[in-house]
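Remember, predicted model here, so these are calculated numbers, not experimental data.
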Amino acid sequence: MTDHWRLLGDVGGTNIRFGLVRDQRSGEACEIQEARSWPSDTFPDFEAALEQYLTTLGDRFHLSSTAVAAAGPAEPGAVALTNRNWIITKSALQRIIRPDIPVRLLNDLEAVAYALPFLPGGAIDWLDDVHPPAVLSGRQVAINVGTGFGSATIIRNRDDWICCPAESGHMQLAIRGNSELALLASLNLEEATVEDVLSGGGVRRLWYAMTSGDRNKYVAGAHCEAAFDLANTDTTTNEVRGQFSAFLARTAANLVLASAAWDGVLLCGSVALAWAQQADRDEFRRLFVGASKMHERLAKTPVGFIRHHCPAFVGLANVRITER
């Protein structure tokens, strides 16, 4: 009871995770304790999930702050999930825990971005031999491809870091050529967004469109890993992989160009990591670099895959608790 603990929450459309870390100075090594995870469908709302987690803790820990990240845009005092009808508020956290506890609410990719300077060695698998400097001095962008698509940029500000989250999943998808125009038209969407293709549901949608609606070839079920199955080498699978890579490479490059994140792109999320297992990395780099006037800068921009089991927790453990 003499230690002070920060409660961490990572709330997604599919799963909700909680954990504890000793309240610390930013940058210190953090060890997550009392981690719990449940399917989000287990609870009617966030408050029920939080109360369930606190029940598992009993009175063994003194909570001195709390930081919660959720898959939706963060507003002052609240964050609303995009793919679930939940709203998480500072007032609810303080009502359930205690009225005076400091609270920080973040977008989920904002938390991942705050983790980038503090991820332990070996937590990142680099695309190739282009690596960031040992000491980050500029900007990096974190990109999640999972249930949805999101991104956030971390920016060095003297001895601290600031983060700019984005709703990049709702950008219009960049397409090239008549074949891609026809492909997007077959998706029956008035305006195809990035998330319409670069997400779990997007991969299934892309697969179905590229098989001309042949349900004998269509990847069914709740997960898209079949599209990235190493053992599956049929022509359709390879075509879907290649098209997914093209869309992802262009989108990642556009996000770097929009934010000048020359220190690197870090990909995370179940879909991105499944794709990374079989991606043609040389071809991805070629598509990422492209032929624009910035191709030399993009050729020097590192691209990596975050292998840490919960990078959001690392960011939540290190972010400053300013009332938001």
Side-chain angles (χ1 to χ4, degrees), residues 82-83 109 127 141 143-151 166-221 223-229 232-259 261 265 267 269-276 278-299 301 303:
T82 302
N83 294 315
L109 260 294
L127 179 75
V141 60
I143 298 175
N144 177 83
V145 190
T147 303
F149 182 100
S151 69
E167 290 299 325
S168 50
H170 304 291
M171 300 186 306
Q172 292 190 31
L173 187 69
I175 57 176
R176 293 181 182 173
N178 290 333
S179 62
E180 289 189 1
L181 280 171
L183 174 63
L184 269 294
S186 70
L187 297 180
N188 295 319
L189 298 169
E190 291 186 8
E191 293 184 353
T193 68
V194 168
E195 189 170 280
D196 285 333
V197 170
L198 297 178
S199 63
V203 172
R204 295 192 295 277
R205 184 179 290 115
L206 184 63
W207 184 287
Y208 190 50
M210 294 182 71
T211 57
S212 300
D214 184 348
R215 290 194 176 274
N216 291 321
K217 296 181 178 180
Y218 177 50
V219 178
H223 303 287
C224 67
E225 282 77 0
F228 302 125
D229 184 354
N232 192 343
T233 58
D234 66 79
T235 301
T236 301
T237 301
N238 288 332
E239 290 175 351
V240 173
R241 290 171 180 166
Q243 189 62 68
F244 181 91
S245 292
F247 285 137
L248 181 58
R250 287 182 218 145
T251 301
N254 284 340
L255 289 171
V256 170
L257 293 171
S259 59
V265 176
L267 294 160
S270 59
V271 177
L273 296 182
W275 166 82
Q278 51 70 52
D280 183 335
R281 298 190 176 200
D282 291 339
E283 177 66 3
F284 180 84
R285 171 64 73 179
R286 184 187 72 79
L287 294 167
F288 175 79
V289 170
S292 74
K293 293 181 180 180
M294 289 289 104
H295 73 275
E296 291 185 1
R297 294 298 299 269
L298 289 168
T301 301
V303 178

Exercise. Would you sort out whether I143 and L198 count as a side chain to side chain contact (heavy atoms under 4.5 Å, CB included), showing the intermediate values?
Key: CA-CA 11 Å; I143 298 175; L198 297 178; over 6 Å; no
Residues passing the side-chain contact (heavy atoms from CB on, under 4.5 Å) test with H170, sequence neighbours excluded, are T82, E167, E195
*Go through the steps to decide whether N238 and R241 satisfy the test side chain to side chain contact (heavy atoms under 4.5 Å, CB included), and finish with yes or no.*
CA-CA 5 Å; N238 288 332; R241 290 171 180 166; 3.2 Å; yes
So CZ of R205 and CG of L184: to nearest 0.5 Å the spacing works out to 10.5 Å
Contacts table for residues 289-297: side-chain donor-acceptor under 3.5 angstrom, sequence neighbours left out:
residue: S292; atom: OG; partner: M294; partner atom: N; Å: 3.2
residue: H295; atom: ND1; partner: S292; partner atom: O; Å: 2.8

Distance col, row F284:CZ vs W275:CH2, nearest 0.5 angstrom, shows 4.5 Å
Nearest heavy-atom contact between L183 and A209 is CD1-CB, 3.7 Å
CE (M210) and CG (L187) are apart, to the nearest 0.5 Å, by 10.5 Å
Heavy atoms of S151 and V141 approach each other most closely as CB-CG2, 4.3 Å
To the nearest 0.5 Å, atom CG of L298 lies from atom CZ of R286 at 14.0 Å
Closest non-hydrogen atoms of R281 and L127, given as atom of the first, atom of the second and distance, are CD-O, 3.4 Å
Here the pair of heavy atoms bringing F244 nearest to L206 is N-CD2, 4.0 Å
Distance col, row L248:CG vs L267:CG, nearest 0.5 angstrom, shows 5.5 Å
With L173 as partner, the option from D196, V194, T193 fulfilling side-chain contact (heavy atoms from CB on, under 4.5 Å) is V194
On a heavy-atom basis, the closest approach of L287 and A249 is CB-CB, 3.6 Å
Check against side chain to side chain contact (heavy atoms under 4.5 Å, CB included), V265 and L255
CA-CA 9 Å; V265 176; L255 289 171; over 6 Å; no
dist T147:OG1 -> N83:CG (nearest 0.5 Å) comes out at 7.5 Å
Residues 247-256 vs side-chain hydrogen bond (donor to acceptor under 3.5 Å, both in side chains), sequence neighbours excluded, gives E180-R250
Heavy atoms of S270 and G146 approach each other most closely as OG-CA, 4.0 Å
